[in-house]
Amino acid sequence: MASVSASHLILFIASLVIAAGVAGTFTQGVSRLSQGIDDQSLEVADEVRTDIEVISDAGSPVYNNSSKTVTLLVKNTGTSDIPADSRFIEILLDGQYRTNVTVTVVDGEQWRPNNVVRIVISSADLAAGDHRAKLIVNGDEEVFRFRT
Amino acid sequence: MGFSVSGSAAIIFVGIFLAFSTAYTASANGFERVSDANSAVDEEALERQNTALSVANATYDAGNDTLAVDVVNEGTTTLSVNATDLLVDNTYRDDYAVRRVGADNSTDLWLPGERLHLEVTTPTQPNRVKIVSGPGVAVTEVL
């Protein structure tokens, strides 16, 4: 009889250990997934809230022929703050990715909703004719067409 | 054997319960965050649809180098004076000599039907003036 109780005890402990292992793995997996959903929702909400508008007057000169710079004024018309840093603003000028870009907020300290930034694209060297600049901020894309 | 089955079933049940409570909290919070953002964007879009501006007058006085612009809020939204931007020949101007709504120069509210009067000093005759309201609706005037 003693051997039966001992084997029952061993089986009981083994089943508890296995159940704890299964439950632990499952909980860990689901919590990792939840963390992913949480992070993703933050990203998506930020993307949805981001909206920018190029307010430069295309009828006035945008391109400075002597300094070879293109100056764009961009307004934050969304509902979230955007870092006013060229690392967060992708600029394509006539399809070419530009890196020598300076961004300055012209009416405040940070690029909050309603604030305007001045984006200066240096060494642009554009020929006379039609051109387009594309700005991508947080998934929001804006195209600005102008003539030089 | 009965204890083993019920013991392990209880542990697994508790595990599943904990996992689903975490997953439910995360997805409910995430969903709420995104739907809040969507409704904020919808509000903005409605505001933009209800915004309309028109330039009543834009004149340059060469005698005292002053550009005066009068803009009327022709929409149904209350706009912010501080959020309104003025571009003179593509140059951003915020050094207003005069900025008033009607006769009030301290208010930030630009109500429907009211006239915003802006004056800036420019040494030369400008060609184009652009006024951009807070929601992004803009008007251009060629002098």
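Keep in mind that what you see is a predicted model, and the values were worked out from it rather than measured. Reminder, nothing fancy here: chain letters follow the sequence lines and each chain counts from 1.
With chain B as partner, the option from A/Ala23, A/Gly24, A/Ser34 having the largest number of non-hydrogen pairs under 4.5 angstrom is A/Ser34. Ranked by heavy-atom pairs under 4.5 Å with chain B, the list A/Thr71, A/Leu42, A/Val22 is led by A/Leu42. Residue with the most contacts toward chain A among B/Asp85, B/Asn38, B/Asp89: B/Asp85 (heavy-atom pairs, distance under 4.5 Å). The choice from A/Ser56, A/Ala45, A/Ser60 that makes the most heavy-atom pairs within less than 4.5 Å of chain B is A/Ser60. Options A/Asp39, A/Ile13, A/Ile37, A/Leu16 differ in how many heavy-atom pairs under 4.5 Å they form with chain B, and the most are formed by A/Leu16. Comparing A/Asp46, A/Asp51, A/Val48, A/Val17 by heavy-atom pairs within less than 4.5 Å of chain B, the highest count is held by A/Val48. Counting heavy-atom pairs under 4.5 Å between each of B/Thr84, B/Thr91, B/Ile12, B/Thr25 and chain A puts B/Ile12 at the top.
Chain A is approached within less than 4.5 Å, heavy atom to heavy atom, by B/Arg128, B/Lys130, B/Val132, B/Ser133, B/Gly134, B/Pro135, B/Gly136 from residues 117-137 of chain B, ordered by number.
There is no contact between B/Ala138 and chain A, counting heavy-atom distances below 4.5 Å. Heavy-atom distances place the side chain of B/Leu87, and not its backbone, under 4.5 Å from chain A. Residue contact with chain A, scored on non-hydrogen atoms closer than 4.5 Å, is absent for B/Asn82.
The local environment of CD in B/Glu74 is crowded, with over 12 non-hydrogen atoms from other residues, nucleotides or ligands closer than 6.0 Å. Atom CZ of A/Arg118 has 12 or fewer neighbouring heavy atoms from other residues, nucleotides or ligands inside a 6.0 Å radius. With a 6.0 Å radius and a threshold of 12 heavy atoms from other residues, nucleotides or ligands, A/Glu141 has its CD atom above the threshold.
Judged as a side-chain hydrogen bond (donor to acceptor under 3.5 Å, both in side chains), and not counting sequence neighbours, B/Asn105 has no contacts.
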Side chain to side chain donor-acceptor pair (under 3.5 Å) assessment of B/Asp61 paired with B/Thr66: CA-CA 5 Å; B/Asp61 183 352; B/Thr66 310; 5.7 Å; no

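At least one donor-acceptor pair closer than 3.5 Å links the side chain of A/Ser41 to the backbone N or O of A/Asp38. Of the possible polar contacts, one joining the A/Thr148 side chain to the A/Ala127 backbone as a donor-acceptor pair under 3.5 Å is found. Listed for the B/Thr107 side chain is a donor-acceptor partner under 3.5 Å among the backbone atoms of B/Leu109.
Between the side chains of A/Thr50 and A/Asn138, at least one donor-acceptor pair of N or O atoms lies under 3.5 Å. Checking B/Asp104 against B/Ser106 by side-chain atom types alone, a donor-acceptor pair falls below 3.5 Å.
The aromatic rings of A/Phe12 and B/Phe3 lie perpendicular to each other, with more than 60° between the two planes, well past the 30° mark.
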